[in-house]
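To start, the structure itself, in structure tokens.
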Amino acid sequence: MKIEDLLTRFQWEQIPNSTGRFTLSKSEASLSIEDLLDSDEVQIKQYPSAHPEEVIHVVELEDGGLISYQRKDKTYIHTLNSENMFKRKQWELGIISFSPRQMPENPED
């Protein structure tokens with residue numbers, strides 16, 4: 001699954017002052033991650049949040065990823081991120097332990 005698949009199926013808004021980050025319209029906050037993805041072929045990982053009333057859900061896509069914040073009331077804030085922004089946001093949330101800036105541009109196998 002790619003970012004474009006989700007961009008065309010739902011109403012996303014670019015996050016101000018960022019390139020490659022989008023948020024799902026607030027009118028769709030009740031949609032679960034499973035509803036958004038509509039696929040059993042992607043893995044959804046869960047992480048604790050610094051905010052005790054939230055859980056963070058992370059889905060890696062072919063060209064970026066989805067980071068969703070589930071609130072205590074079962075509503076969500078869904079963010080869709082380009083590959084660089086996806087890694088950067090995971091680092092900011094403490095999900096990955098290295099800065100994306102430390103990664104080589106084209107890592108060799």
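Note that this is a predicted model, so its numbers are computed, not measured.
The side-chain heavy atoms of Gln70 and Ile77, taken from C-beta on, include no pair separated by under 4.5 Å. Thr79 places none of its side-chain heavy atoms less than 4.5 Å from the side chain of Lys89. Side chains of Leu80 and Ile67 form no contact here, defined as non-hydrogen atoms less than 4.5 Å apart. A heavy-atom distance below 4.5 Å is not found between the side chains of Tyr76 and Leu36. Side-chain contact between Phe86 and Leu61 is absent, with no heavy-atom pair separated by less than 4.5 Å.
Judged by distance alone, the side chains of Gln11 and Ser25 never bring a donor and an acceptor atom under 3.5 Å apart. No side-chain donor from either of Ser82 and Asn84 sits under 3.5 Å from a side-chain acceptor of the other.
Residues passing the side chain to side chain contact (heavy atoms under 4.5 Å, CB included) test with Glu83, sequence neighbours excluded: Lys87. With sequence neighbours excluded, no residue forms a side chain to side chain contact (heavy atoms under 4.5 Å, CB included) with Ser30.
Here the straight-line distance linking atom CD of Glu28 with atom CG of Asp35 works out to 10.0 Å at 0.5 Å rounding. Interatomic distance, CZ of Arg71 versus OG of Ser49, reported as 11.0 Å (0.5 Å rounding). The CD atom of Glu4 sits 12.5 Å away from atom CD of Glu62, with the distance rounded to the nearest 0.5 Å.
Note on Val55 and Tyr69: separate hydrophobic clusters, where clusters join Ile, Leu, Val, Met, Phe, Trp and Tyr whose side-chain heavy atoms are under 4.5 Å apart, directly or indirectly.
More than 12 heavy-atom neighbours from other residues, nucleotides or ligands sit within 6.0 angstrom of CD on Glu54.
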Pairs under 3.5 angstrom only: tabulate donor-acceptor contacts from the side chains of residues 38-48 to other protein residues two or more places apart or in another chain.
| from | atom 1 | to | atom 2 | distance (Å) |
| --- | --- | --- | --- | --- |
| Ser39 | OG | Glu41 | N | 3.0 |

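With hydrogens and angles ignored, the 3.5 Å screen pairs no side-chain donor or acceptor of His78 with any backbone N or O of Phe22. Asp63 places a side-chain N or O within 3.5 Å of a backbone atom of Ile3 that can act as its donor or acceptor partner.
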Please test Leu37 against Leu66 for side-chain contact (heavy atoms from CB on, under 4.5 Å), starting from the C-alpha separation and ending with a verdict. CA-CA 10 Å; Leu37 299 172; Leu66 176 69; 4.1 Å; yes
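Ring orientation note: the planes of Trp12 and Phe10 are nearly perpendicular, at an angle over 60° on the 30°/60° scale.
In terms of heavy-atom proximity, Asp5 sits nearest to Thr8 at O-OG1, 3.2 Å.
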